[in-house]
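Just so it is clear: chains get the letters A, B, ... in the order the sequence lines come, proteins before strands, and each one is counted from 1.
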Amino acid sequence: MSENEVHYDVHAVEEKWLPVWERLDPFRADDDAVTSGEREKRYALTMFPYPSGDLHMGHAEVFALHDVISRYWRFRGYEVLNPMGWDSFGLPAENAAIRNDEHPATYTYGNIETQAASMKRYGVSFDWSRRLHTSDPEYYRWTQWLFLKFRERGLAYRKNSPVNWCPNDQTVLANEQVLADGTCERCGAEVTKRELTQWYFKTTEYAQELHDCLDELQKTWIGKVVNAQRNWIGRSEGAHVTFEVEGRDPITVFTTRPDTLWGATFMVVAADAKLAAELVSDDQRQALDDYLVEVRKASDIDRLATDRPKTGVFLGVHAVNPVNGERIPVWASDYVLADYGTGAIMAVPAHDQRDLDFARAMDLPVRMVVDTGEEDPATSGIATNGNGTYVSSGPLDGLADKAAGIHKVVELLEADGHGSGTVNFRLRDWLLSRQRYWGAPIPVIHCPVDGEVPVPEDQLPVELPELRGADLKPKGTSPLGAATEWVNVECPTCGGPATRDTDTMDTFVDSSWYFFRYLSPNDDTQAFDPALAKAWGPIDLYIGGDEHAVLHLLYARFFTKVLRDMGLIDWDEPFSAYLSQGKVINNGRKMSKSLGNGVSLGEQLDEFGVDAVRLTLVFASPPEDNIDWADVSPAGSARFLQRAWRLSGDVTSAPGTDPAGGDVALRKVTHKTVHEAAHLLESYRFNVVVARTMELVNATRKAIDSGCGPADPAVREAAEAVAILLSLVAPYTAEEMWERLGHQPSVAQTAWPTVDPALLVEDAVTAVVQIQGKVRGRLEVSPDISEADLEAAALADPAVQKAIDGREVRKVIVRAPKLVNIVV
RNA sequence: GCCCCCGUAUCCCAACUGGCAGAGGAAGCCGCCUUAAAAGCGGCGAGUUCCGGGUUCGAGUCCCGGCGGGGGCACCA
């Protein structure tokens, strides 16, 4: 045996097959096959990357996982759409351009080429004919068009309000881009607030539906992502209650506990809300102004500390409690948020800890109206919010059920017009404008006569002016403002002098609809072809990282619902199933430059080859678990691939040999493996598929060396099954095997092996005999043995009789053919 | 504080609707090969299924209560 036959050169193999795949182009999706109904479709999608440098281990993992299912679907005869592109607008390119005095496109498109070459080497079954880049004018023309359509429907609008501002990136941020600790998710700087006029998408319009559809998605999406979305949308049921105010307009509050209305001893409005300024008496105006100065000094980080002492100021006015006519004072405080609910609350200090803290700080009365058996909050300082008996609550007195109490109060309020049951959401509208250059310009013209004027559709795209280097330096206003020739235009309506909107769109807008553009990426007459959307949509499996659990997935769901309401598609949710991939870490920690524990994908590929790295990532754990590179063994993967490959060289029977007469034991292993693999693949348990393939390799090796021998047709059948299974993860090795087995490339173009049900049936199975649930004997029985026969056989077994030891048999549970449990 | 997920051999992980705790890999140990070592090849072992209750003929699996880890939301009324 020559050296050449025990090993293959992983790098030579990569160079050998890349041009072959390029020529055969086996992964191009055929629209006609799907629109004609000739073949059933599958749309496989993985999150397209941002082009920052070359691919890293995280990309490698998600592409490897994604390719398993794509290739499997193709084997099963589906027409598979598996596109790839780039999310190529964004800040890193702009920052690099400033640093290097160049155009952001230089960095962007340079990296795209690098990544594209790496992806091809990595052997993912993408349909490259559908490649797109969101920074191409041909793409962002349609991003702009969608913006205008949203605006026509009242779903894109401008408003002035306090917004998140990143002092480092010098731009506004969406709520979703501010981390829980008040820092910028991109650069870590402490986010501040600014009062600015900005563009918003009206995501709140769809809050209810975005929430409700999660029930259905729960079945096919990974649970933690559904949970994260549900928390983010933050639906809460309650009531609006209106309080009359002496000498002012009435105040409406949102509360989840209308049943505690009799315990409301004061009201609080958000200090920074317009409402506070409207309500305040002349006497107290100065006090409120002074308080506002204090409040604005506090940073967001301070505000987020929940144990901060309560502060506030009396507004000098009183409201009337609608259920008992009681006169209660109205206060302003920063513990009430201006942009949640109505920006005002009724305070029930006995049953809400925040209100109680405030009452104690301001010496306001505390009145218990639900007796839970715990100590009175007025004395304990601990608010009670559990179930209990209502007291001092008029018609509720004596009732002891919270749900019934809430229901009854809502009925009373609705009857006399003081309130109504309602639902409130934590979700806010999506702030989409950014004061940066490298994004899609907002296609609106501001005219002193006509106001906001949309750019006419036939003038799209509004292309970015040519700016570079220092022109892009952040200065707090959009860099586009400096392009005077670009900014100053004629008003499309009146022809007078006007200016372009100088903001660009959040890059999450670009990625909210890219999966539609893949359907017809070169169409210059429409954003996408609705007929193709009907044929290919929705996406059957989307794989991506948890970091997009709320942001991108929520925005894409929102876009999909709007496109449906525009009549362009006929489905409600974009992603039928969602699988999140874990992170690749090293030595228990996230890979990072500062920790010096980064693992270079390129180096791993050079050392072990593409297939071994892919196999390692798929085999290491279930897809959603993190992979610690210190715990896995790419060398072991490479070893296994060599072992598998050697099988193909040992087979001596001719291609096409009928396996029917082959070794039955090996055939059974093969058929069982293929059968189970299909089942596992459909539930995305890819790591187990690899383990099963390893078992088949081991069994085949044994058959060759010490069983039926290499000439047996069952060995060929097994080796071919290995090649096909392996091609899901290790396409180069599989291709080599397929060729050595005497077939034409490509293994990707063959079909999934047909399973013979007769070979799935065992000749004999081991039935376990338990006594008192403990295993006391084993019997070899026929798989179709009757329960009566199995029971008789078990009781006749000498070992079993010995274990029973003459005791009386009280009950026998039989689960033919696997188990008998005897109770004595 | 509220809401989700997880806990199996030294490590990463299997175990279909409750039915023999173990598939696969890593590390370890023992052989073979080698002048020797590494690589390679062959083989081997290992358990309070986190803890405590419950349901059941039978629980890693279902229920309740803890402990530990991870994640989401959070002055959201």
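For A/K310 against B/C75, a side-chain-to-base donor-acceptor contact under 3.5 Å is present. A donor N or O paired with an acceptor N or O is found under 3.5 Å between the base of B/G19 and the side-chain atoms of A/Q770. The base of B/C73 is not paired with the side chain of A/R426 by any donor and acceptor separated by under 3.5 Å.
Rounded to a whole Å, the CG atom of A/L427 is 15 Å from the C1' atom of B/G72. Per the geometry, CG belonging to A/N385 stands 12 Å off C1' belonging to B/A77, to the nearest Å. Separating the NZ atom of A/K224 from the C1' atom of B/C2 is a distance of 20 Å, rounded to the nearest angstrom. When the P atom of B/C75 is taken as reference, atom CZ of A/R360 falls 22 Å away, rounded to whole Å. Separating the CG atom of A/L214 from the P atom of B/C73 is a distance of 15 Å, rounded to the nearest angstrom. A/M694 has its CE atom 17 Å from the P atom of B/C12, to the nearest Å. Between the NZ atom of A/K818 and the C1' atom of B/U17 there is a distance of 11 Å, given to the nearest Å. Taking atom CH2 of A/W331 as the reference point, atom C1' of B/A77 lies 19 Å away to the nearest angstrom.
The phosphate of B/A15 has OP1 or OP2 within less than 4.0 Å of a side-chain N or O from A/R685. A/Y340 has a side-chain polar atom (N or O) that falls below the 4.0 Å cut-off from OP1 or OP2 of B/A77. Between B/C57 and A/K811, a contact under 4.0 Å exists linking OP1 or OP2 to a side-chain N or O. Phosphate contact (OP1/OP2 of B/A27, side-chain N/O of A/S633, threshold under 4.0 Å): absent. When the side-chain nitrogen and oxygen atoms of A/R639 are compared with OP1 and OP2 of B/A26, one or more of them lie within a distance under 4.0 Å.
Which of B/A77, B/A14, B/A26 sits closest to the side chain of A/R692 comes down to B/A14. Closest approach to the A/R815 side chain among B/G24, B/G19, B/C75 is made by B/G19 (side chain taken as heavy atoms from C-beta onward). In this structure, of B/G42, B/A77, B/C57, it is B/C57 that holds the atom nearest to the side chain of A/I813. Side-chain proximity of A/V775 to the nucleotides B/C20, B/A77, B/C73 is greatest for B/C20. Out of B/G42, B/A77, B/G43, the shortest distance to the side chain of A/R701 is found at B/G42. Checked against B/G19, B/C75, B/G24, the side chain of A/F619 finds its nearest nucleotide in B/G24. Taking the side chain of A/E695 as heavy atoms from C-beta on, and the options B/A23, B/A77, B/C20, the nearest nucleotide is B/A23. Nearest to the side-chain atoms of A/P622 among the listed nucleotides B/C13, B/C57, B/G24 stands B/C13. Each of B/A77, B/G71, B/C11 was ranked by its minimum atom distance to the side chain of A/N227; first place goes to B/G71. Closest contact between the side chain of A/V823 and the listed nucleotides B/A77, B/C57, B/G71 involves B/C57.
Here the separation of B/U8 from B/A46, taken at their C1' atoms, is 14 Å to the nearest Å. Between B/C2 and B/G18, the two C1' atoms lie 32 Å apart (nearest whole Å). The gap from the P atom of B/A77 to that of B/U61 amounts to 36 Å, rounded to the nearest Å. The P atoms of B/U55 and B/C20 are separated by 22 Å, rounded to the nearest whole Å. Nucleotides B/A21 and B/A14 have their C1' atoms positioned 11 Å apart, rounded to a whole Å. Distance noted for atom C1' between B/G65 and B/A26: 37 Å (whole Å). Taking the C1' atom of each, B/C44 and B/C4 are spaced 43 Å apart, rounded to whole Å. Taking atom P on both B/A15 and B/A36, the two are 45 Å apart, rounded to the nearest angstrom.
Judged by Watson-Crick or G-U wobble contacts below 3.5 Å, the nucleotide B/U49 has no partner. When both distances must be under 3.5 Å, the Watson-Crick or G-U wobble mate of B/G28 is B/C44. Pairing for B/G1 is with B/C73, a Watson-Crick or G-U wobble pair whose two hydrogen-bonding atom distances lie under 3.5 Å. Both distances falling under 3.5 Å, in either a Watson-Crick or a G-U wobble arrangement, occur for no nucleotide opposite B/U34. Both distances falling under 3.5 Å, in either a Watson-Crick or a G-U wobble arrangement, place B/G68 opposite B/C6. Nucleotide B/C16 forms a pair with no other nucleotide shown, judged by Watson-Crick or G-U wobble geometry with both contacts under 3.5 Å.
The residue A/N687 sits close only to the backbone: its heavy atoms come under 4.0 Å of sugar-phosphate atoms, none of a base. Across all strands shown, A/R428 has heavy atoms under 4.0 Å from base atoms, whether or not it also approaches the sugar-phosphate. Contacts of A/R230 with the nucleic acid, taken as non-hydrogen atoms under 4.0 Å apart, are absent. Looking at heavy-atom distances under 4.0 Å, A/T766 makes contact with a base. Among the protein residues, A/N821 comes within range of the nucleic acid bases, having at least one heavy atom under 4.0 Å from a base atom. Nucleic acid contact for A/D625: sugar-phosphate only, since backbone atoms but no base atoms lie under 4.0 Å from a heavy atom of the residue. Counting any heavy atom pair closer than 4.0 Å across all strands shown, A/A228 reaches sugar-phosphate atoms only and no base atom. Heavy atoms of A/E624 sit nowhere under 4.0 angstrom from any nucleic acid atom.
Remark: A/R701 engages A/D650 in a salt bridge, criterion side-chain N to carboxylate O under 4.0 Å.
Checked options A/I328, A/T260, A/T265; the residue passing with A/M346 is A/T260 (criterion: side-chain contact (heavy atoms from CB on, under 4.5 Å)).
The residue among A/F254 and A/Q772 whose nearest nucleotide of RNA chain B is located toward the 5' end is A/Q772. If A/N231 and A/R257 are placed on RNA chain B by their nearest nucleotide, the residue sitting closer to the 5' end is A/N231.
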Practice item. Could you give me the CA-CA distance, side-chain angles and deciding distance for A/H552 and A/E547, then say whether side chain to side chain contact (heavy atoms under 4.5 Å, CB included) is met? Key: CA-CA 9 Å; A/H552 164 61; A/E547 66 274 23; over 6 Å; no

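For A/E237, the CD atom counts as loosely surrounded, since its 6.0 Å shell holds 12 or fewer non-hydrogen atoms of other residues, nucleotides or ligands. The neighbour count for A/R589 CZ, taken as heavy atoms of other residues, nucleotides or ligands under 6.0 Å away, does not exceed 12.
With hydrogens and angles disregarded, no donor-acceptor distance shorter than 3.5 Å links the side chain of A/E61 to the backbone of A/R614. A/R776 places no side-chain N or O within 3.5 Å of a backbone atom of A/A799 that could act as its donor or acceptor partner.
Note: A/Y340 and A/F254 have perpendicular aromatic rings, judged against thresholds of 30 and 60 degrees for the angle between ring planes.
Nearest heavy-atom pair across A/L427 and A/T204 is O-CG2, 3.4 Å.
By the 6.0 Å and 45° rule, A/K310 does not stack over the aromatic ring of A/F358.
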